[in-house]
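Both ligands and their constituent atoms are indexed starting at 1 by order of listing. The residues of the chain are indexed from 1 along the displayed sequence.
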Amino acid sequence: MRMYDIIHKKRNNEELTNEEIEYMINHYVSGEIPDYQMSAMLMAIYFNGMNDREISTMTNVMAQSGDMVDLSSIDGIKVDKHSTGGVGDKTTLIIAPIVAYYGVKVAKMSGRGLGHTGGTVDKMEAIPGLKTNFSQEEFFDIVNKTGISVIGQSGNLAPADKKLYALRDVTATVESIPLIAASIMSKKLAAGSDCILLDVKTGSGAFMKTLDDSISLAEKMVAIGENCGKKTVALITDMDIPLGNNIGNSLEIKEVVDTLNGKGPKDLTEICIKLAGNMLYLANKGSIEDCEKMAKDAIENGYAINKLIEMVEAQGGDIDYIKNPDKFEKSKYSLDIILEDNIDGYIGSMNTEGLGIASTMLGAGRETKDDDIDFSAGIILNKKVGDKVKTGDVLCTLYTNDEKRLENAKNKVKSSISITKDMPKKLPLIFARVEKNNIEKF
Ligand code: URA
């Protein structure tokens with residue numbers, strides 16, 4: 001078999017055989033196929049796509065390229081969750097404690113920030129002392145004791161995805177349905193949970209910008225999960241506006257704590273109740289309605305914040321920061337973005353990807369993979385889409401420890417927020433729910 005012939009086939013929009021897919025993934029991981037040939041293949045897939053069989057074969061080969069985690073030594077139903085990536089998306093740290101309170105086990109491996117999107121592991125590391133790398137034994141122990149542990153992806157989990165993702169990131173081939181589906185589901189299959197909840201983001205801050213593409217991605221991922229014997233549900237959620245008000249690592253941890261204390265922003269709280277409700281449903285805890293009610297109760301009665309504290313303590317973090325988030329170090333510099341134009345109106349739209357990039361420019365994300373993160377950097381939004389604004393209002397505040405970063409970030413933020421005379425149409429927070437053989441649109 002020759003990689004040249006496989007690339008040629010896909011370039012001409014022909015189907016690849018299972019053997020060809022196995023050959024190209026395994027030989028790429030072993031280093032026998034060079035990046036330049038795999039880049040050409042990724043671009044061919046980006047333009048010509050893959051059918052369901054090709055996607056499913058690629059996912060399985062990628063999953064099996066490394067360790068397949070066996071969670072059987074953890075008692076009870078294990079439910080995993082994955083978001084396709086967004087700005088201000090701190091839902092894992094809210095919903096995992098909620099479901100863990102009800103005895104559902106969450107043994108979760110999360111990612112770091114990617115492009116304009118944030119990552120759960122970076123956010124967690126904003127909590128002083130907290131560790132996100134443990135041996136498998138320690139990881140299982142924490143889950144058995146507390147019901148929950150969130151750690152970084154182990155070195156040998158789906159190494160094919162790690163290598164392919166890094167290549168996609170620099171070859172403009174991230175936004176491809178077959179490639180995203182195989183990337184996410186290979187990790188989920190390798191991570192070993194019984195059920196999977198997928199949060200597929202849609203809108204300007206998501207990799208999938210349209211609802212149709214998001215639904216199609218969700219359908220493919222749900223089918224892969226179900227075909228591999230995992231109960232899988234996907235919610236299509238809004239990422240046309242950042243989620244919550246805070247973007248940036250310790251700023252987002254504060255918002256997690258506020259939300260678990262019942263004082264979070266409405267959009268974030270509502271989405272978390274739906275996501276947690278669906279995780280509980282997947283774990284057979286009742287109907288969706290009952291499970292959503294359970295999720296609400298866990299916030300209202302303080303059960304979930306206590307679970308988060310247990311997890312932080314088990315992972316070596318200083319729980320005083322969760323009990324009193326004002327302890328988080330403030331950044332040295334801040335800048336209010338004020339509406340100067342002489343117009344009164346509404347926030348008409350936000351380019352959410354632009355706000356994610358601005359947050360990275362402030363130091364909250366990495367420009368190159370070796371950059372250190374400034375945990376206190378980021379943006380707090382005072383106004384969001386649909387809010388009434390007038391000249392002189394503070395739209396948002398930027399935070400950083402490096403004053404030189406403020407100017408470029410300010411320009412990026414300003415160009416990412418548009419003001420309109422008329423109130424924009426309100427979009428739902430959740431557009432659809434995709435289950436095996438069923439799509440429910442809201
Ligand atoms: N998240 C992933 O893990 N992979 C993708 O391809 C996109 C988002």
Side-chain angles (χ1 to χ4, degrees), residues 25 28 38-39 41-43 45-46 49-50 54-56 58-63 65-66 69 80-92 108-123 150-193 196-210 213-222 224-225 230 232 234-237 239 243 275 352-353 356-357 360 365-366 369:
I25 298 294
Y28 179 59
M38 189 48 94
S39 304
M41 171 56 83
L42 292 172
M43 196 54 87
I45 295 174
Y46 179 90
M50 282 181 137
E54 291 173 290
I55 299 175
S56 151
M58 178 141 134
T59 307
N60 281 300
V61 178
M62 284 168 65
S65 65
V69 181
D80 203 349
K81 173 254 169 193
H82 193 96
S83 150
T84 56
V87 178
D89 180 5
K90 67 279 291 171
T91 56
T92 292
K108 179 153 172 48
M109 294 191 202
S110 281
R112 295 191 180 276
L114 197 67
H116 68 280
T117 68
T120 303
V121 168
D122 292 331
K123 295 174 210 215
V150 181
I151 62 168
Q153 204 172 304
S154 94
N156 203 31
L157 190 94
D161 178 59
K162 202 168 280 170
K163 217 172 156 189
L164 281 169
Y165 201 98
L167 193 60
R168 287 166 61 209
D169 208 16
V170 292
T171 54
T173 50
V174 171
E175 299 95 334
S176 147
I177 290 177
L179 296 178
I180 295 178
S183 161
I184 292 178
M185 293 311 289
S186 62
K187 286 178 289 222
K188 297 295 100 179
L189 298 183
S193 283
I196 304 166
L197 177 69
L198 300 164
D199 180 3
V200 179
K201 304 287 184 194
T202 193
S204 66
F207 291 127
M208 293 288 105
K209 310 284 184 210
T210 70
D213 280 349
S214 305
I215 290 183
S216 164
L217 172 63
E219 282 183 290
K220 305 242 177 284
M221 293 197 288
V222 168
I224 295 170
K230 316 245 173 217
T232 309
L235 294 185
I236 315 290
T237 68
M239 195 32 78
L243 196 47
L275 290 169
T352 302
E353 183 171 351
I357 293 170
T360 298
R366 298 177 187 81
K369 71 180 176 26

*Asks:* Which ligand 1 atoms does Ile184 reach within 4.0 Å, using its non-hydrogen atoms?
*Replies:* 1 (N), 2 (C), 3 (O), 4 (N)
*Asks:* Calculate, to the nearest 0.5 Å, the distance between atoms CD1 and CE belonging to Ile215 and Met208 respectively.
*Replies:* 13.0 Å
*Asks:* Before signing off on this row, confirm whether Ser183 and ligand 1 have an N or O atom pair separated by under 3.5 Å.
*Replies:* yes
*Asks:* Could you tell me which atoms of ligand 1, counted from 1 in the order shown, lie closer than 4.0 angstrom to a heavy atom of Tyr165?
*Replies:* 4 (N), 5 (C), 6 (O), 7 (C)
*Asks:* Is the contact between Ile180 and ligand 1 made by the side chain, the backbone, both, or neither, using heavy atoms and a 4.0 Å cut-off?
*Replies:* both
*Asks:* Side chain or backbone, does Thr84 bring an N or O within less than 3.5 Å of an N or O on ligand 1?
*Replies:* no
*Asks:* Do side-chain atoms of Lys90 reach the backbone of Leu243 as a donor and acceptor pair under 3.5 angstrom?
*Replies:* yes
*Asks:* Is a donor from one side chain sitting under 3.5 angstrom from an acceptor on the other, for Asp89 and Ser83?
*Replies:* yes
*Asks:* Looking only at protein heavy atoms, identify the closest one to atom 3 (O) of ligand 1 and say how far it is in Å.
*Replies:* Lys187 NZ, 2.5 Å
*Asks:* To the closest 0.5 Å, what do you measure between CD (Glu175) and NZ (Lys209)?
*Replies:* 6.5 Å
*Asks:* Does Ile224 reach the side chain of Lys230, with side-chain heavy atoms less than 4.5 Å apart?
*Replies:* no
*Asks:* Say whether Ser83, considering both its backbone and side-chain N or O atoms, lies within less than 3.5 Å of an N or O atom on ligand 1.
*Replies:* no
*Asks:* For Ser110 and Lys123, test the side chains for any donor-to-acceptor distance below 3.5 angstrom and give the result as yes or no.
*Replies:* no
